[in-house]
Amino acid sequence: MQIARVNRIKEFDGQKVQLNGWVYNSRRSGKIGFLMLRDGFGIIQCVVVKNDLGEEKFEDFKRLTQETSISVIGTVAKNDRAPGGFEIQTEDFTIIQLSDGYPITPKEHGTDFLMNKRHLWLRSKRQHAILRIRHQIIKATRDFLDSHDFTLVDTPIFTPNACEGTTTLFGTEYFGETAYLAQSGQLYGEANAMAMGRQYNFGPTFRAEKSKTRRHLTEFWMVEPEITFCDFEENMQWAERMVEYIVRQVLENRQNELAVLERDIAPLEKIKAPFPRVSYDECVEMLQKGGFDFEWGGDFGAPDETFIAEHYDKPVIVHRFPSQIKAFYMKRDPENDKLALGMDILAPEGYGEIIGGAERESDYNTLLERVEKENLPKEDFEWYLDLRRYGSVQHSGFGMGIERVVAWICKLPHVRETIPYPRMLGRLRP
RNA sequence: UCCGGUGUAGCUCAGUCGGUUAGAGCAGUGGACUGUUAAUCCACGUGUCGUAGGUUCGAGUCCUACCACCGGAGCCA
């Protein structure tokens, strides 16, 4: 007996197959029944006819409950009345385990209830579609970088201290000293880039901020390319080309999933590089003209970002921020010492910052001054300063938050649905 | 951490001005139906009204504190 998967069911048209999965839903109309079988790869309708299966088997069919695990044997047949165009004319089935009282019914539920049942919620159509798109985004990201000779180099999660000082870190006991969970792999990424030319690190990062917004998780995934012999402008080009590639790959390969989410794809089809560039100075002017009470030197809040992004139908690159609000490792603008060569990419449709990047300071003395000025523990940064001691070169990089990209491309109201098991303020389980 | 909101059946919610017996839809169970698409129709059940105090003849309803959750701010990807 051939075992088929729903996503490949076309290849078995007219053949007798076995399908293994779970009962998504079942309906009956007297002596004929319809069993929606979910196998993880898709959902297919199995037609169950009393006269074909016999009295006893049909009674078994009537006992089936939501999410009961089951093996179905039947013939694949094209039928326009079936969702997906194919159905199974059931000949036999075996109950593997009868599910009892599955909590997620086909009707409405609140987010908190569903999050408490996240391990089961993942089985529903919408969550399945999101996870498939998330995977496509990650795959496209890696394919893009791999095809341009980047090497994936992992960076540590246990670290001795903060890379950017300001953010709150999760501390943990580490054989008698305190270790912190990484909030970024970037500094290690710079070291890796000096070894590999082009590298990216891709892993979970942790921020202990007590943020309660639709954009924040305490554990999230970030990809951070780092490129040697790369200036600020080229860095922006890498970032915009990567975003363009990711969106195109999702549009080409995940149409069904976008349709499940009822995502309007017209705005995504406009995502082509180059993206508009607007300086921080221009943003300040834009905000002030728009009636915002904003002074030069401050950082943008969420409403500010949204206002700026609304002017464009593509992601917008905001560049050259005041150095005082940016991290110590960012290179100063040679044309204006008050500015740092940092950039953020703001997604359209109100999704805010998805990428943050910069050209890095490559001069030893300048970097040392900043470490001292920011009161960073110099001994822990000696290895980082080594990168400027032994063959320092111009280099740049950026970090992209996966969950924010998933939220944007799927047009979800909150990042908590973009990751299988979200970790946020007040959410550690399941 | 701050501001605002919500908490009533397994789920989603209604509950008037404080009034005597707590309400609906869905889910579930039983039945009818040979093409259903979250099927339809008939029948059946369920309550620590978030927790603890207080006001009152009487509290789901008013007051206080606490807890949980939701939204927003700050911070960030």
Side-chain angles (χ1 to χ4, degrees), chain A residues 24-36 43-53 58 62-63 65-66 77 79-85 87 89 99-117 124-126 164-169 182-186 203-224 239 298-306 325-327 343-347 351-357 398-408 413-416 418-419 424-427:
Chain A
Y24 196 73
N25 196 2
S26 81
R27 297 180 269 278
R28 255 181 306 136
S29 182
K31 298 187 180 75
I32 186 169
F34 301 91
L35 161 63
M36 304 306 290
I43 295 175
I44 195 163
Q45 172 167 290
C46 303
V47 186
V48 182
V49 179
K50 190 175 185 177
N51 291 346
D52 297 350
L53 276 84
F58 200 74
K62 286 158 81 171
R63 288 169 51 222
T65 53
Q66 211 189 340
N79 194 320
D80 290 340
R81 289 173 293 188
E87 65 184 16
Q89 289 157 349
S99 165
D100 184 22
Y102 188 69
I104 304 176
T105 62
K107 295 286 173 177
E108 57 201 307
H109 299 285
T111 314
D112 188 49
F113 173 80
L114 290 168
M115 271 302 170
N116 288 332
K117 306 270 180 273
S124 68
K125 267 186 200 165
R126 178 184 163 83
E164 303 184 28
T166 53
T167 1
T168 325
L169 298 171
Q183 58 170 338
S184 163
Q186 186 209 309
T205 46
F206 307 88
R207 309 250 166 120
E209 285 149 358
K210 295 189 173 177
S211 301
K212 279 183 83 169
T213 79
R214 65 183 68 191
R215 288 198 269 276
H216 286 88
L217 297 167
T218 53
E219 177 183 294
F220 65 98
W221 287 70
M222 187 153 67
V223 59
E224 296 176 284
D299 211 347
F300 302 132
D304 307 323
E305 282 186 355
T306 303
I325 58 169
K326 287 292 172 183
M343 59 99 174
D344 285 352
I345 299 187
L346 309 180
Y351 282 90
E353 187 181 349
I354 52 170
I355 282 178
F398 59 93
M400 183 178 83
I402 294 300
E403 287 75 20
R404 287 191 182 173
V405 174
V406 177
W408 162 48
H414 199 298
V415 288
R416 66 188 158 210
T418 65
I419 187 166
M424 356 181 242
L425 190 61
R427 171 68 62 189

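Residue numbers start from 1 in every chain, and the chains themselves are labelled A, B, ... in the order their sequence lines are given, proteins ahead of strands. On a predicted model such as this, the values are computed, not experimentally measured, just so you know.
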query = With a 4.0 Å cut-off, would you call R416(A) and D112(A) a salt bridge?
reply = no

note = Rounded to whole Å, the NZ-C1' distance (K326(A) to rA77(B)) equals 11 Å

task = Could you work out the separation of rG47(B) and rC41(B) based on their C1' atoms and round it to a whole Å?
result = 29 Å

query = Nearest of rG35(B), rC33(B), rA73(B) to any side-chain atom of R28(A)?
reply = rC33(B)

key: rC75(B) base / S211(A) side chain donor-acceptor hit below 3.5 Å   = yes

inquiry  = Classify I104(A) by what it touches in the nucleic acid, base, sugar-phosphate, or nothing, heavy-atom distance under 4.0 Å.
reply    = nothing

key: Side-chain donor or acceptor of E403(A) paired with backbone N/O of W221(A) under 3.5 Å   = yes

inquiry  = Would you measure the distance from the P atom in rA22(B) across to the matching atom in rC3(B) and give it in whole Å?
reply    = 38 Å

inquiry  = Measuring from atom CG of L425(A) to atom CG of L217(A), what distance do you get when rounded to the nearest 0.5 angstrom?
reply    = 11.5 Å

ask   = Is T213(A) touching bases, backbone alone, or none of the nucleic acid, heavy atoms closer than 4.0 Å?
value = base

Detail all sub-3.5 Å separations between protein N/O atoms and N/O atoms belonging to nucleotides 65-69 of chain B.
from	atom 1	to	atom 2	distance (Å)
rC69(B)	OP1	G426(A)	O	3.2

message = For the NE2 atom of H414(A) and the OG1 atom of T213(A), what is their distance to the nearest 0.5 Å?
response = 6.5 Å

ask   = Taking atom P in both rG15(B) and rA52(B), what distance in whole Å separates the two?
value = 25 Å

ask   = Is there a Watson-Crick or G-U wobble partner for rU34(B) with both distances under 3.5 Å, and which nucleotide is it?
value = none

remark   = Rounded to whole Å, NE2 of H109(A) lies from C1' of rG28(B) at a distance of 13 Å

request  = Please work out if F113(A) contacts a base, only the sugar-phosphate, or nothing of the nucleic acid, heavy-atom cut-off 4.0 Å.
outcome  = sugar-phosphate

task = Would you mind reading off the distance between R215(A) atom CZ and rC76(B) atom P, rounded to a whole angstrom?
result = 13 Å

key: Any donor-acceptor N/O pair, R404(A) side chain to V415(A) backbone, under 3.5 Å   = no

query = Which distance, rounded to the nearest 0.5 Å, do you find between the CG of N116(A) and the NE2 of H109(A)?
reply = 12.5 Å

ask   = Would you say the side-chain atoms of T65(A) pair up with the backbone N or O of S99(A), donor to acceptor, closer than 3.5 Å?
value = yes

Nearest-angstrom distance from the residue atom NZ of K62(A) to C1' of rG31(B) = 9 Å

Integer-rounded Å distance: rU40(B) P and N25(A) CG = 11 Å

inquiry  = What's the closest nucleotide to the side chain of A302(A) if the choices are rU34(B), rA77(B), rG74(B)?
reply    = rG74(B)

request  = Determine the Euclidean distance between corresponding P atoms of rG7(B) and rC17(B); express it in Å to zero decimal places.
outcome  = 16 Å

remark   = Paired to rC49(B) by Watson-Crick or G-U wobble criteria (both distances under 3.5 Å) is none

request  = Give the rounded distance in Å between these two atoms: CD of E403(A) and P of rA77(B).
outcome  = 13 Å

task = Using the C1' atoms only, state how far rG50(B) lies from rA68(B), rounded to an integer number of Å.
result = 7 Å

request  = Could you tell me the separation between the CE atom of M36(A) and the P atom of rU36(B), rounded to a whole number of Å?
outcome  = 13 Å

ask   = Across all strands, who's sitting opposite rA73(B) as a Watson-Crick or G-U wobble pair, both distances under 3.5 Å?
value = rU1(B)

message = Any base atoms under 4.0 Å from H216(A), or only sugar-phosphate, or nothing? Heavy atoms, all strands.
response = base

inquiry  = Using a 4.0 Å heavy-atom cut-off, does G301(A) contact any base of the nucleic acid, only the sugar-phosphate backbone, or nothing at all?
reply    = sugar-phosphate

ask   = With both distances kept under 3.5 Å, what pairs with rC17(B), Watson-Crick or G-U wobble?
value = none

message = Please report the distance separating the C1' of rA27(B) from the corresponding atom of rC44(B), rounded so that it comes out in whole Å.
response = 14 Å

request  = Can you tell me the pairing partner of rC62(B) across any strand shown, Watson-Crick or G-U wobble, with both distances under 3.5 angstrom?
outcome  = rG54(B)

request  = Please tell me which of P103(A) and Q66(A) maps to the more 5' nucleotide of RNA chain B, matching each residue to the nucleotide holding its nearest heavy atom.
outcome  = P103(A)

ask   = Between the side chains of Q66(A) and T105(A), is a donor N or O closer than 3.5 angstrom to an acceptor N or O?
value = no

Aromatic-base stack, F220(A) on rA77(B), cutoff 5.5 Å, angle under 30 = yes

request  = Name the nucleic acid region contacted by D344(A), choosing base, sugar-phosphate or nothing; use a 4.0 angstrom heavy-atom cut-off, strictly under.
outcome  = nothing

inquiry  = So G101(A), base contact, sugar-phosphate only, or nothing? Heavy-atom distance under 4.0 Å.
reply    = nothing

note = From the candidates rG35(B), rG71(B), rA77(B), the one with an atom nearest any side-chain atom of R214(A) is rG71(B)

request  = For rC63(B) versus rG25(B), give the span between their P atoms, rounded off to a whole number of Å.
outcome  = 32 Å

Within 45° cone of F58(A) ring axis and under 6.0 Å: K62(A) NZ or CZ = no

key: rC11(B) to rG5(B) separation - P atoms, rounded to the nearest Å   = 25 Å

message = Using Watson-Crick or G-U wobble geometry with both distances under 3.5 Å, which nucleotide pairs with rC26(B)?
response = rG10(B)

ask   = What integer distance in Å separates E209(A):CD from rA73(B):P?
value = 14 Å

ask   = Do the side chain of T205(A) and the main chain of F220(A) share a donor and acceptor less than 3.5 angstrom apart?
value = yes

key: Whichever of I354(A) and E87(A) has its nearest RNA chain B nucleotide further upstream toward 5'   = E87(A)

